[in-house]
Amino acid sequence: MEHTREHKSWFGRNWGWVVPLGGCLTIILLVILFLGSLVFGVSKMVTSSDPYESGLERVRQDQYIVGILGEPIETDGIMQGSLSFENDKGTADISIPIKGPKGKARLYVVGTKQKDHWNYSEIYVIIDDTNEQIDLLGFEQQNSIF
């Protein structure tokens, strides 16, 4: 007499650990996707802000800085500092790492916003190699060491 036994499928044999593990991995994946989209959204908001764009535009138009760093001048990492907006007021105190083919520097932008108009109290660049500070608001201070 032959006894035939039905063999359970792989899932039937392993469902006790597959379901909880799959559920945990799904939750972890959703959290990672949420955090990634949050970071991307905040990053996009910051890089499209007036202080960020205005500072980079001034750097790219300054022939002295272009001569030191070369062209093209690009950002080189994550911005540091604070940007805040509330209604028609805002403040910015940011530091942006920048680089060109010839060197690296850091751009600093400090300003306040009143009724859709930004007033900058400081926009300057510090060259990494020499610690030279270059004021982009019209007053040049060279060879300042911090």
Side-chain angles (χ1 to χ4, degrees), residues 7-146:
H7 291 287
K8 290 183 178 181
S9 68
W10 180 88
F11 185 76
R13 292 188 313 268
N14 297 297
W15 73 270
W17 65 269
V18 170
V19 172
L21 182 63
C24 287
L25 289 176
T26 301
I27 290 171
I28 290 169
L29 182 62
L30 289 174
V31 167
I32 289 171
L33 286 173
F34 173 75
L35 291 176
S37 64
L38 184 65
V39 167
F40 178 76
V42 168
S43 175
K44 187 68 174 166
M45 184 181 74
V46 166
T47 58
S48 65
S49 70
D50 284 344
Y52 189 95
E53 289 180 348
S54 183
L56 284 175
E57 182 180 329
R58 287 179 189 237
V59 165
R60 291 176 179 141
Q61 291 176 353
D62 188 283
Q63 293 305 309
Y64 185 68
I65 295 174
V66 170
I68 294 172
L69 299 180
E71 283 188 294
I73 295 176
E74 305 169 331
T75 58
D76 186 32
I78 299 173
M79 179 208 81
Q80 295 177 340
S82 66
L83 259 173
S84 64
F85 305 99
E86 187 175 333
N87 299 326
D88 61 349
K89 295 181 180 182
T91 60
D93 187 356
I94 59 175
S95 166
I96 306 164
I98 57 175
K99 69 176 180 177
K102 298 180 188 177
K104 294 183 177 187
R106 190 164 279 277
L107 167 65
Y108 295 88
V109 180
V110 178
T112 57
K113 178 183 177 185
Q114 298 259 338
K115 297 183 183 178
D116 293 332
H117 177 72
W118 280 94
N119 182 25
Y120 300 107
S121 57
E122 296 179 48
I123 300 179
Y124 61 94
V125 171
I126 296 180
I127 307 298
D128 283 359
D129 291 339
T130 63
N131 284 331
E132 179 180 6
Q133 180 175 331
I134 304 161
D135 188 351
L136 296 173
L137 290 177
F139 307 104
E140 195 163 309
Q141 301 168 343
Q142 296 184 354
N143 297 324
S144 295
I145 298 177
F146 284 78

Open item on the list: With rounding to the nearest 0.5 angstrom, report the CD1 to NZ distance, Ile98 to Lys104.
Closed with: 11.5 Å
- [ ] Check whether any side-chain heavy atom of Tyr64 sits under 4.5 Å from a side-chain heavy atom of Leu136, and report yes or no.
- [x] no
- [ ] Could you tell me the separation between the CD1 atom of Ile73 and the CG atom of Leu56, rounded to the nearest 0.5 Å?
- [x] 9.0 Å
Task: Over all atoms of both residues, closest heavy-atom pair of Leu107 and Gly55 - done: CD2-C, 3.4 Å
- [ ] Can you see which heavy atom on Pro101 is nearest to which on Gly70, and at what distance?
- [x] CD-C, 3.6 Å
Task: Nearest atoms (heavy-atom pairs only) where Trp118 meets Gly90 - done: CH2-C, 4.1 Å
Task: Shortest non-hydrogen separation from Ser95 to Tyr108 and the atoms involved - done: OG-CE2, 3.5 Å
Task: From Ile28 atom CD1 to Leu33 atom CG, the distance as rounded to the nearest 0.5 Å - done: 12.0 Å
- [ ] Check whether any side-chain heavy atom of Ile68 sits under 4.5 Å from a side-chain heavy atom of Val125, and report yes or no.
- [x] no
Task: Flag side-chain contact, heavy atom, 4.5 Å: Ile94 against Pro51 - done: yes
- [ ] With rounding to the nearest 0.5 Å, note down the distance linking CE in Met79 to CZ in Arg106.
- [x] 10.5 Å
- [ ] Tell me, yes or no, whether the heavy-atom count around Leu21 atom CG, taken from other residues, nucleotides or ligands under 6.0 Å, exceeds 12.
- [x] yes
Task: Non-hydrogen side-chain atoms of Arg58 and Leu137 separated by less than 4.5 Å - done: yes
Task: Min side-chain heavy-atom separation Tyr120-Val109 under 4.5 Å - done: yes
Open item on the list: A side-chain contact here means heavy atoms from C-beta on lying under 4.5 Å apart; do Thr91 and Asp93 qualify?
Closed with: no
Task: Sidechain-backbone polar pair: Arg13 side chain, Lys8 backbone, donor-acceptor under 3.5 Å - done: yes
Task: Atom pair CG (Asp76) and CD1 (Ile96), whose distance is rounded to the nearest 0.5 Å - done: 12.0 Å
Task: Leu83 CG to Asp50 CG distance, which is reported to the nearest 0.5 Å - done: 10.0 Å
